[in-house]
Structure formats: C-alpha cells, structure tokens
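Just below is one structure, and these are the notes that go with it.
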Amino acid sequence: TTNREGDDYTPNFSGLVSDTFFGGKLGVLVNGSYSVRNSGLESASNGGWLLLQHRNADNSLSSNLWNGTVSGSNQNPESNIWGPRSMGYGYQEDQRVRTNAQGVIQYRPSEDVTATVDFTYALYKDHQTQHTFGLWYTYDADFTAATVNKEGTLTDVKDAGSDLSYSTFDDHIRNELTSAGLNLKWDATPYLAVTFDGHHSSMMSGGDPLGNNTFAIQGKTPSIMTPRQSKYFHMGDSFIPQGWFDFAAPHTKDNLDTSTISPLFFQANNNVFNTKVDEARLDSVWTNTNKGLTSVQFGVQVKKLQTHAAAW
C-alpha cells in the first residue's frame, strides 16, 4: 500500500512516566501514545462468477448465452459455463489517527490499606475516501461472444449495454472510549480482608455530522456507448483480469469528461452506538487458622449495562 494524499512521514509518539512520593506511600503512573498514518490501497476485483449454462435433470441445457457465440473447448463434464458478474477497479486513501492515554494513582497510607484510582482514554479516527470504476456484465439479450476454457470458465467476453459506473465514498469513523476505576483493599484483621472495586466506562462509535458512510454513484451516458460489443472482459496469464469499454465516436477513453456522466443517486448513512457500563463489587475473605474450615468468601456485585444504537 502507498498514499497519494497526506505526508509520507507521519508522527508516532509514546511515553510512560511513573514515580513514588512520601516515602513510597503514593505512586503515580501516566502513559500515552499518539500515531498518525496516511495510506492508500489500489484494488481490482471480480464481483463473482455466474453459472450461465448448466444441464437440467432431463439432460437439456439452460443457458444465458443464447444471443451470441461461444468458442473454445469446454470439457466440463456437466457442460457448465461460468462467466464474470462484474469487474471493478478502485483506489482508497486512509488518514488514521490514534490517541491513547492512561493514568494511575495508588495510595497506601498503612500496611493495611491500599487505594487505587485509574483512568483510560482511547480515540480512533479514520477518514477514508474511495473512488471506484466498474463494469456490469448482463448476458442474455446483451451477450455477443465469448471464449470458454476447458474447465468451463469464460476467459473473454463481449457484452452489450451501457452499465459503466463510477462510485465515490467518503467515510468517517470515530470510536471513543473513556473508563475510570476505583479499588480499595483493607486488611481489617489478620484473618479478614475486604476489597471494593468500582468501574464506569462509556464507548461511543459513529461518524462525523454527515455520517460514517457517504457515497455517490454516477453512470456513463448511454448515448456514448456503441450499440453492440461495447463491454469486454479478458482473463489471460496475468493475475488480474481486465475489463474495458468501446465508446461511440467522437468519444474515446482519452477525451471523456464530466459531461458524459449522469448522476444516479447520493446517500449519507450513519450508525451510532453508545454503550455505558457501571460495575461495583464488594468482596470479603475470612481465613481460619484452625483445623476444619479454612476460609469463607462472601460479597455482593452489581452490574449495569446500557446500549443505545441508532441508524439513519
């Protein structure tokens, strides 16, 4: 992966500081990290394979290739033929920021009492922009010609129609976590220890004011396409298959502009999750030094979980 936007060199910082005070009775720890990363991803993908020809129970053939010609030597024992559903190419840019921080304070005024307070904060933000180009193969009345290999896979396809689309995505991801805890430990007697734990945390996941998923899809104006044999697919020795169009004169792939694009639709989505957790626990352990019963543990625990989810 590589990036076209943003800096090639991005900052990453982390650190930890801890110390004790008042003769070791008070301890403090603070740590944090911050990182930024700009990255890019190029992709080429096939939208799956369609079963375009198969043999029925009565030994007859059902086919979506009836309107054109198929050449090659299909040696599939069931005479099955598969063809590409679609072909797409895309480029994605990511601008990711991570922030993490934690603080801990521990106080031990005596050998019998210890109190600890901790706080954690985490923030993850990712801004993704993506641009894709795709072709959709429809077969049936739009099918013109194809070449099939011995396994029954179409390696070359000529298909009609004007299904050429462009998609643009602008996604914002924001996940934020805050958490605070309290721990108290008291050795009341040599035989009785009491511990209290309390905790509160909240997590928010969502996007920016426009949402976490915003996209627009545009299509090529049908009049610039040739009437027949306008869409092509080729799968040769290269790892990535190829797909392309023929355009009606005077249009070529080199002189297309925004005037040849028709908007289809625009949509903004947002999914918000807000979760809060509250917990409290009181534990006691009584230890018996005599024979027989060795110890007794007793306590109480309370937990509350709230989750709110919304989508629009």
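- Under the 4.0 Å criterion applied to side-chain N and carboxylate O atoms, Glu279 and Arg281 are not assigned as salt-bridge partners.
- Under 3.5 Å, the side chains of Ser79 and Arg55 contain a donor-acceptor pair of N or O atoms.
- A donor-acceptor contact under 3.5 angstrom links the side chains of His234 and Asp156, judged on distance only.
- Side-chain contact between Ser73 and Gln75 is present, with heavy atoms from C-beta onward closer than 4.5 Å.
- Looking only at atom types and distance, the side chain of Asp112 has no donor-acceptor partner in the side chain of Ser110 under 3.5 Å away.
- Residues Lys304 and Asp278 are not paired through a salt bridge, judged by the lack of any N-O separation under 4.0 Å between the basic side chain and the carboxylate.
- For the 3.5 Å distance criterion, the side chains of Glu42 and Tyr89 fail to qualify, holding no donor opposite an acceptor.
- Between Trp286 and Tyr191, a ring centre-to-centre spacing not shorter than 6.0 Å is recorded.
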Would His172 and Asp126 satisfy side-chain hydrogen bond (donor to acceptor under 3.5 Å, both in side chains), going step by step from the backbone distance to the final call?
CA-CA 6 Å; His172 293 258; Asp126 191 1; over 6 Å; no
Check the pair Arg96 / Tyr124 against side chain to side chain contact (heavy atoms under 4.5 Å, CB included), numbers first and verdict last.
CA-CA 8 Å; Arg96 188 190 69 191; Tyr124 172 82; 3.4 Å; yes
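- Residues Val194 and Asp283 fail the side-chain proximity criterion, which asks for heavy atoms closer than 4.5 Å.
- With no hydrogens or angles considered, no side-chain donor-acceptor pair links Thr129 and Glu93 at under 3.5 Å.
- The minimum heavy-atom distance between Thr138 and Arg85, with the atom names listed, is CA-NH2, 3.9 Å.
- Ser167 and His131 share no side-chain donor-acceptor pair at under 3.5 Å.
- Between the side chains of Thr294 and Asn288, no donor-acceptor pair is found at a separation under 3.5 Å.
- In this structure, Phe215 and Phe265 have perpendicular ring planes: the angle between them is above 60°, well past the 30° mark.
- Among all heavy-atom pairs drawn from Pro11 and Phe13, the shortest one is CB-CE1, 3.4 Å.
- Between Asp19 and Phe21, some side-chain heavy-atom pair lies under the 4.5 Å cut-off.
- The aromatic rings of Tyr137 and Phe233 sit perpendicular to each other, their planes meeting at more than 60°, with 30° as the lower class boundary.
- Of the candidates Thr116, Asp118, Asn183, Thr116 is the only one forming a side-chain hydrogen bond (donor to acceptor under 3.5 Å, both in side chains) with Gln106.
- Contact of the Thr20 side chain with the Lys25 side chain is not registered, since no non-hydrogen atoms from C-beta on lie closer than 4.5 Å.
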